[in-house]
Amino acid sequence: MHRVIVLYETEPDADSYAEHAELCRQVPNSVFRHGKITGAPMGEAQHAYYAEWEFSDENAFKTATRSDEFMATGKDAYKRGFPQPTVEFAELA
């Protein structure tokens, strides 16, 4: 299983993000999830908002992250003025 993890230091506007999430759900071969970060084991959480795409395998991940739909999500987030996120890729055993 592969994931694209998106971490925001501040929470994006809820209404605008709901519209953005609809675009994110169009990325092929993926499941998209998002929500508020509610805390950390010790001290303050370093991030306020979390989003992810989940892919069943490496091929689905590679196909999706090269797709026009995936590229459109980054452009849309930028146009909406969302805070600059940290984006990372993960492979789960």
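Along the sequence shown, residues are numbered consecutively beginning with 1. All values derive from a computational prediction rather than experimental measurement. The figures here come from the full heavy-atom set of this structure, side chains too, leaving out hydrogens, waters and symmetry mates.
The OG atom of Ser30 lies 10.5 Å from the CD atom of Glu52; values are rounded to the nearest 0.5 Å. Within the model, atoms SG of Cys24 and CD of Glu69 stand 11.5 Å from one another, a figure rounded to the nearest 0.5 Å. To the nearest 0.5 Å, atom CZ of residue Arg33 and atom CD of residue Glu54 are 4.5 Å apart. Between atom OG1 of residue Thr10 and atom CD of residue Gln84 there is a gap of 11.0 Å, rounded to the nearest 0.5 Å. Here Asn29 contributes atom CG and Asn59 contributes atom CG; the two are 8.0 Å apart, rounded to the nearest 0.5 Å. Between atom CG of residue Leu23 and atom NZ of residue Lys75 there is a gap of 11.0 Å, rounded to the nearest 0.5 Å.
Scanning for salt bridge (charged side-chain N to carboxylate O under 4.0 Å, His left out) contacts around Arg25 gives Glu22, with sequence neighbours left out.
The shortest heavy-atom contact between His47 and Leu7 is CD2-CB, 3.4 Å. Counting all heavy atoms, side chain and backbone alike, Ser67 lies closest to Pro28 at OG-CD, 3.6 Å.
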In sequence, state the C-alpha distance, the side-chain angles, and the governing distance for Thr86 and Ile5, and then conclude on side-chain contact (heavy atoms from CB on, under 4.5 Å). CA-CA 8 Å; Thr86 298; Ile5 299 163; over 6 Å; no

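Grouping Ile, Leu, Val, Met, Phe, Trp and Tyr by side-chain contacts under 4.5 Å, direct or through others, puts Val87 with Val4, Val6, Tyr8, Tyr17, Val27, Phe32, Tyr49, Trp53, Phe55, Phe61, Phe70, Phe82, Phe89. If you chain together ILVMFWY residues whose side-chain heavy atoms come under 4.5 Å of each other, Met71 ends up in a group of its own.
For the pair Glu88 and Arg3, the salt-bridge criterion is not met [side-chain N within less than 4.0 Å of a carboxylate O].
Contact of the Glu91 side chain with the Met1 side chain is not registered, since no non-hydrogen atoms from C-beta on lie closer than 4.5 Å.
When the shell of 6.0 Å around CD of Glu9 is examined, it contains 12 or fewer heavy atoms from other residues, nucleotides or ligands.
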